[in-house]
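Heads up, the thing below is written out as structure tokens.
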Amino acid sequence: MSLIPPRTPPGVMELLPRQQVAFQRMLDTIRRGYERFGFVPVETPVFETADVLLTKSGGETEKQVYFVQSTGAIQQGHKPDMALRFDLTVPLARYVAEHERDLAFPFRRYQIQRVYRGERAQRGRFREFYQCDIDVIGKDSLGLHYDAEMPAVIHHVFRELDFGGFTININNRKILLGLLDGLGIGEPERRVLVLREIDKLDKLDRDTVRANLTGEGLAVPGDVADRILGLIAEQKSNDDTLAALRAMDVDNDTFRTGIHELSTVMEGLRAFQVPDDAVRINLAIARGLDYYTGTVYETFLNDHRGIGSVCSGGRYENLASHYTKSRLPGVGISIGATRLFYQLLEAGLIKDGGATAQVLVTQMDPALTGDYFRLAADLRAAGLNTEIQLDGGKLAKQMKYADKAGIPVAVLMGSDEKARGTATVKHLLRGEQREVALADLPATVKALLEG
RNA sequence: GCGAUGGUAGCUCAGCUGGUAGAGCCCUCGGUUGUGGUCCGAGUGGUCGUGGGUUCGAGUCCCAUCCAUCGCCCCA
């Protein structure tokens, strides 16, 4: 019989236990941060009915959706009536519309689950990945203070994650849309293309972007391109950027509203005590998704800009218009945890998660098996994650196991120690070893773990 | 979906102008009595992505195909 080669499907992140532990800790940190701000957990099924999921039907996303169908139904020639979610926002919209009467508004939910996209897998791009979302959904209206709260949460979480410095880039789509409209680029299709080029200012230099804008495809007049780039391509302080915006001679209501919203949000950030240097107004941030209507965010790690945005989001005026007549504006962000973790792992910045066991009780003498079990029970009662090497066997082998599994401390007790009422504790990473009275064992292990 | 590069042991790779497969790491065992990670020794492990062609003979040349990586697109 020929063996089937064991292979993970492309585009998934599957980890060895020690890394999985590290990943789990990262998710725990994010979850704690979200709960610290009072967000409540929601989980939705991995699949939704296709009609619910594909309301947006923005060609691109639909091509990337995985359909789900039972084999029986396929045999009968039915088309798939379910599909895997490709983000958490659409399921949220359905959830809120469905449970509207039972929820407290403004509804603050967090959701940490996997989503699925049928893309061609590339480095750091996955077909299955975690999104860690928070959103606040208002009924009829939602104040701009919530737009300011999002960066406060991002700031809190990324400080806790401890991946070094980071910058939250913030913008308001009304500014860009109004600006383009006021400058004679009003038709939606052309505007999207122009925004896409502007969004590339991060990667391409100004002259290249200008050439793309004025080229035959978009045909933006040269003086208009210069005005746009003059405003957004130059790095200024946040206050100077706002001043430059107010000084623009563009007669457009949307543009003015955008400026007002952005400056209101910036004031709100101070109230939330988000440090000034953690947030930067970046007028080039456009975000591809068209359901964002106001504030947009993208967060970058200062030392690893190549990773791209690690936390993005924005404001949308009406979340669930496809499912309910209620008006439900919202604002939210999403951390792409899988990509973030993978990239940091590649960069060697993820610390080994070790094992879940903190201490391994070895079995040196089969006659003392009962003692080992008591010992382990004592350690567990003291709050230590404890494992017994149940197979026994050569001590060298048991030590080797602890080392490979990442268990930092081993407890040894042979007939000599038993006679003396002691046990030997060894810290495998430091090679440190001492013999202590059984009563002191838990405290000694704890001291070694902290030491 | 388009373009570029590559597919040899579980992993990283070597194999020159064609002559019947190698290294390091990993893994297993050993280096005698209760100590891992270092060191020394031994061992397991490959139909050279797949199919076809040229040749006395192909990992090595040719064609096709699949897959992977990178770029474009889009995005977390």
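Given the structure is predicted, the values throughout are model-derived calculations rather than measurements. Residue numbers start from 1 in every chain, and the chains themselves are labelled A, B, ... in the order their sequence lines are given, proteins ahead of strands.
Of all nucleotides listed (B/G36, B/G34, B/A76), B/A76 comes nearest to the side chain of A/Ser312. The A/Leu412 side chain lies nearest to B/U35 when the options are B/C73, B/U35, B/A76. In the set B/G36, B/G34, B/G30, B/G34 carries the atom at the smallest distance from any side-chain atom of A/Glu417.
Here A/Phe129 counts as stacked on B/A76: its ring centre is under 5.5 angstrom from the base ring centre and the planes meet at under 30°.
Checking B/U5 for Watson-Crick or G-U wobble geometry (two distances, each under 3.5 Å) identifies B/A68 as its partner. When both pairing distances are held under 3.5 Å, B/U28 makes a Watson-Crick or G-U pair with B/A42. Nucleotide B/G59 is matched to nothing when pairs are restricted to Watson-Crick or G-U wobble geometry with both distances under 3.5 angstrom.
At the heavy-atom level, A/Ala396 lies under 4.0 Å from the strands shown only through sugar-phosphate atoms. Contact annotation for A/Asp416: base contact, defined as any heavy-atom pair under 4.0 Å involving a base atom. Residue contacts for A/Gln398: at a heavy-atom cut-off of 4.0 Å it reaches no nucleic acid atom on any strand shown. In this structure, A/Gln363 reaches neither bases nor backbone, as no heavy-atom distance under 4.0 Å exists between it and the strands shown. Residue A/Lys426 is in base contact, counting any heavy-atom pair closer than 4.0 Å across all strands shown.
Computed from coordinates, the A/Lys400 NZ to B/G36 C1' distance equals 8 Å when rounded to whole Å. Spacing between atom CZ of A/Phe300 and atom P of B/A76 amounts to 11 Å, rounded to whole angstrom units. Separating the CZ atom of A/Arg196 from the P atom of B/C72 is a distance of 14 Å, rounded to the nearest angstrom. Summarising the geometry, the separation between CZ on A/Phe158 and C1' on B/A76 is reported as 11 Å, rounded to the nearest angstrom. Nucleotide B/G36 holds its C1' atom 13 Å from the NZ atom of A/Lys394, rounded to whole Å. Distance OH (A/Tyr401) to C1' (B/G37): 16 Å, rounded to an integer number of Å. The NZ-C1' distance, from A/Lys418 to B/G34, rounds to 17 Å in whole Å. Across the protein-nucleic acid pair, A/Leu340 atom CG and B/C75 atom C1' stand 15 Å apart, rounded to whole Å.
A close approach under 4.0 Å does occur between a side-chain nitrogen or oxygen of A/Lys397 and OP1 or OP2 of B/C29.
One P atom belongs to B/G10, the other to B/G6, and the distance between them is 23 Å to the nearest Å. Look at the P atom in both B/C74 and B/G15: the space between them is 40 Å, to the nearest Å. Nucleotides B/C56 and B/U20, compared at atom C1', are 13 Å apart to the nearest Å. B/G51 and B/C39 have their P atoms separated by 41 Å, given to the nearest Å. Here the separation of B/U12 from B/U55, taken at their P atoms, is 37 Å to the nearest Å. Taking the P atom of each, B/G3 and B/C73 are spaced 16 Å apart, rounded to whole Å. Between B/C48 and B/A76, the distance separating the two P atoms is 44 Å to the nearest Å. Between B/A9 and B/G59, the distance separating the two C1' atoms is 14 Å to the nearest Å.
Positionally, the nearest nucleotide of RNA chain B for A/Met413 lies more toward the 5' end than for the other of A/Glu197 and A/Met413. Each of A/Lys404 and A/Arg117 was matched to the nucleotide of RNA chain B holding its nearest heavy atom; the match closer to the 5' end belongs to A/Lys404.
With 3.5 Å as the limit, one finds a donor-acceptor pair spanning the side chains of A/Glu435 and A/Thr422. Residues A/Thr44 and A/Arg85 bring a donor and an acceptor atom of their side chains to less than 3.5 Å of each other. With no hydrogens or angles considered, no side-chain donor-acceptor pair links A/Tyr292 and A/Asn171 at under 3.5 Å.
Between A/Tyr342 and A/Phe126, the two ring planes are perpendicular [angle over 60°; tilted spans 30° to 60°]. The aromatic rings of A/Phe166 and A/His155 are tilted relative to each other, their planes meeting at an angle between 30° and 60°.
For A/Gln433 and B/G36, a side-chain-to-base donor-acceptor distance below 3.5 Å is absent, hydrogens and geometry of angles not being considered. Applying the 3.5 Å distance criterion, the base of B/G37 shares no donor-acceptor pair with the side chain of A/Asp403.
In plain terms, the two heavy atoms of A/Gln111 and A/Leu88 that are nearest each other are O-CD1, 3.5 Å.
A/Tyr116 and A/Tyr66 have their aromatic ring centers separated by at least 6.0 angstrom.
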